[in-house]
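Data first, discussion second: the structure below is written as structure tokens.
Numbers restart at 1 for each chain; the letters A, B, ... are given by sequence-line order, proteins then strands.
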Amino acid sequence: MLLRAIRAEFAKLLTTRIWWILAAVLFGYIGMLSGGLAALFAGIQSGAIDPSAAGTGSQGTPPLGSLPPLVYSFASSVGYVFPVLLGALATTGEFRHQTLTPTFLANPRRAQVLAAKAITLFLAGGAFGAVALLASVGIGALVINGFGVDTLLGDSDTWALIGRTLLAMALWAAVGVGLGVLVPNQVASIVIVLAFTQFVEPLLRFASMFTEATAGIGKFLPGAASDALVGASIFTVASPVGGAAAALDWWQGGLVLLAYAAAATIGGYFVSWRRDVT
Amino acid sequence: MPVGAVIEFSNITKRFGDVTAVDDLSFTVEPGRVTGFLGPNGAGKTTTLRMLLGLVTPGSGSATFGGLRYHDLPHPLATVGAALEAASFHPGRTARNHLSIYATAAGLPQARVAEVLRLVGLAEHGAQRVGGYSLGMRQRLGLACTLLGDPGVLVLDEPINGLDPEGIKWIRGFLRDMAAEGRTVLVSSHLLSEVQQSVDDVIIIAKGRLVHRGPLSSLETQVAPQVVVDSPDRAALASALTQAGVVFSQGRTGLLATAADPARIGHIAFTAGVEVSALHRQKKGLEDAFLTLVEGSDSL
Ligand SMILES: Nc1ncnc2c1ncn2[C@@H]1O[C@H](COP(=O)(O)OP(=O)(O)OP(=O)(O)O)[C@@H](O)[C@H]1O
Ligand SMILES: [Mg+2]
């Protein structure tokens, strides 16, 4: 039964255009960013670019050896907004187009439908992770290699990072599903996703880093938990007090992100999903 | 051949804040007949049907198919086919994909998708996005969705809205065929005339309450017979009727007397020496009977 519901959710996802539009933008955006920044940093490391000419100053230059993971992690540290949007659109679309009516007529077990949607989007989020990694690792490694810097692709740590990136992107799509049921208004949901991921959370994370107490709280923010799970991020590198001390272990980060997804989805079930469909 | 189940509403009630949309409604719908579920706009038809389908939770009471609530049906789409508002589609999805999704969700064979598209006359438009569909085509797609599981019960909310004359003719025949096969057919409308030609039974609600139920013919006996009578001297006619104890009201073309026999009114006028310029039985159609029933509830 659950399997049937999951198949139906996959069919829903793949029969509108939004998934490949988002995937294409994700690939282009992460590819450009990874390629561009890989060129800049690898250029500096290899001596091909003069740091003062690049205008980054000395403090902005990442330490040698951390460059490839940093570039590869753009897949999730920057790209995570895409699976969230995919998940939020998948749920809010049902409200917006009133497709909850045929959905609940075909399967009146509403909790099962929501679970199927969360599982489906989790898998789709993983696929988005693969697309993002294709951009960040594919293009990033090409550029890094072009400057003669080690791509670290032979390193098992790099592959662990790639695996954890897939997991993070999958969890982010599940967070999106939860947000979508919590805030079923599609426009409101999208505004929240964009405002929170692009503005509110980065600011909060940055601000929380200045004192030990706030850093202890800040590491539980979803973006921080995600970066902890992946293990590298432009944010942790740019941290004023040193990101490593203020970060969770990777598995803790994963659990925190999972908790966000579960809490939002279960909360949303009561807020909107099991309500009257009129 | 799928068998129809009896639909039963018992004391079902729904409030939205201060509005009582459905008020202690009880009735049954029998298989093998087309039942018209009638009431003016806002009477509570859609809310009642949504409660039947488990989409809206009743405040109290219950609605069942052969004793089972929608939630408890082992194969909902194979038991009940329901078409509610025409807008329940993702505009970017093709009709075929739309149907395929719900066939998958309900565990029905994918071959049904092409079959039902053909049944409702959309075979050539299956690959088209629903966003480009006309209202009538959407109605047909909604109907296609109800037929996916070849159910014994059909629940249709205003299926005639937006159909062209040919479509209306088609759906009337369709409803009759479905009932003739032994299925239960419940179809709502805010106009009796829309479904008059295809229904066997009527259930009429107004302001969420049941005002009439029974076979279509029972509507005719519902309205008190009236006689239209007029005179160049209406005042004299009125006083003659009053003296004779006849209840009447002012109508546009004369006085509307509550009486079965025009001869009696003519006699009253004759004995009072009042000239009569018009005298005939008021021809009340079923639609009038329907309107009278529905308006009568206003004074409640
Ligand atoms: N979600 C809702 N929230 C608040 N009030 C509602 C809601 N849904 C319906 N109502 C109210 O309940 C009453 C019955 O509405 P309903 O849609 O069931 O009527 P209807 O008979 O289907 O009317 P129509 O012929 O216009 O379709 C109306 O007064 C309506 O305003
Ligand atoms: Mg209605």
Side-chain angles (χ1 to χ4, degrees), chain A residues 1-22 86 88-117 119-121 124 180 184 186 269-278, chain B residues 14-16 21 46-47 49-59 69-108 110 129-131 141-142 145-146 148-149 151 155 157:
Chain A
M1 286 295 271
L2 181 64
L3 208 62
R4 227 155 71 181
I6 292 172
R7 282 177 49 217
E9 290 304 324
F10 261 110
K12 282 181 193 173
L13 196 64
L14 296 178
T15 50
T16 62
R17 284 170 287 194
I18 192 67
W19 70 271
W20 64 257
I21 294 174
L22 280 178
L86 186 74
L89 288 171
T91 30
T92 56
E94 297 258 24
F95 289 92
R96 175 161 173 217
H97 303 297
Q98 296 170 19
T99 43
L100 281 181
T101 293
T103 294
F104 291 158
L105 286 177
N107 184 358
R109 282 163 195 80
R110 296 192 186 185
Q112 188 186 70
V113 175
L114 188 54
K117 204 178 265 300
I119 293 167
T120 301
L121 267 295
Q186 190 162 73
Y269 173 77
F270 290 101
V271 168
S272 68
W273 200 254
R274 60 154 208 183
R275 288 278 175 96
D276 289 344
V277 183
T278 57
Chain B
K14 181 67 186 183
R15 278 186 198 85
F16 292 109
T46 301
T47 306
L49 297 182
R50 285 190 173 269
M51 287 194 283
L52 174 65
L53 299 165
L55 296 168
V56 166
T57 313
R69 285 168 207 258
Y70 195 84
H71 281 274
D72 302 324
L73 293 172
H75 306 287
L77 284 200
T79 312
V80 184
L84 294 154
E85 275 76 23
S88 297
F89 312 107
H90 191 298
R93 210 172 261 145
T94 67
R96 195 176 293 142
N97 282 334
H98 173 82
L99 294 170
S100 167
I101 285 166
Y102 301 107
T104 302
L108 300 168
Q110 293 295 320
R129 280 188 228 285
V130 181
L141 178 55
C145 218
T146 70
L148 269 179
V155 176
D157 194 11

### Query
Only one of B/His90, B/His98, B/Arg93, B/Arg96 forms a side chain to side chain donor-acceptor pair (under 3.5 Å) with A/Thr15, so which one is it?
B/Arg93
#### Entry: Main-chain N/O of A/Gln98 paired with B/Ser88 side-chain donor or acceptor, under 3.5 Å
yes
### Task
Quick one: closest heavy-atom pair of B/Tyr70 and A/Phe104, and the distance?
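Minimum heavy-atom separation between B/Tyr70 and A/Phe104: CE2-O, 4.1 Å.
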### Query
Where is the tightest heavy-atom contact between A/Ala106 and B/Pro76, given as atom of each residue plus distance?
O-CG, 4.3 Å
### Query
Picking from A/Ala5, A/Ala11, A/Pro102, which has the most non-hydrogen pairs under 4.5 angstrom with chain B?
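It is A/Pro102.
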### Message
Heavy-atom pairs under 4.5 Å with chain B: which of A/Asn107, A/Thr103, A/Leu105 has the most?
### Response
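Of the options given, most contacts go to A/Leu105.
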### Message
Regarding B/Thr104 and A/Arg7, do their side chains bring together a donor and an acceptor under 3.5 Å, going by distance alone?
### Response
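No, no side-chain donor-acceptor pair sits under 3.5 Å.
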### Task
Answer yes or no: are there more than 12 heavy-atom neighbours, outside A/Ile21 itself, under 6.0 Å from its atom CD1?
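Yes, because the 6.0 Å sphere around CD1 of A/Ile21 holds more than 12 heavy atoms from other groups.
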### Query
Can you say whether A/Arg4 sits under 4.5 Å from chain B via the side chain, the backbone, both, or neither, judging by heavy atoms?
both
### Message
As an exercise: rank B/Val80, B/Asn97, B/Val56, B/Asp72 by heavy-atom pairs under 4.5 Å with chain A and give me the winner.
### Response
B/Val56
#### Entry: Selection from B/Lys14, B/His75, B/Arg129 maximising heavy-atom pairs under 4.5 Å formed with chain A
B/Arg129
### Query
Do any of residues 269-278 of chain A come closer than 4.5 Å to chain B, heavy atom to heavy atom, and if so which ones, in number order?
A/Arg275, A/Asp276, A/Val277, A/Thr278
#### Entry: Non-neighbouring partners of B/Ala103 that pass side chain to side chain contact (heavy atoms under 4.5 Å, CB included), sequence neighbours left out
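B/Leu108, B/Gln110, B/Val113, B/Leu148.
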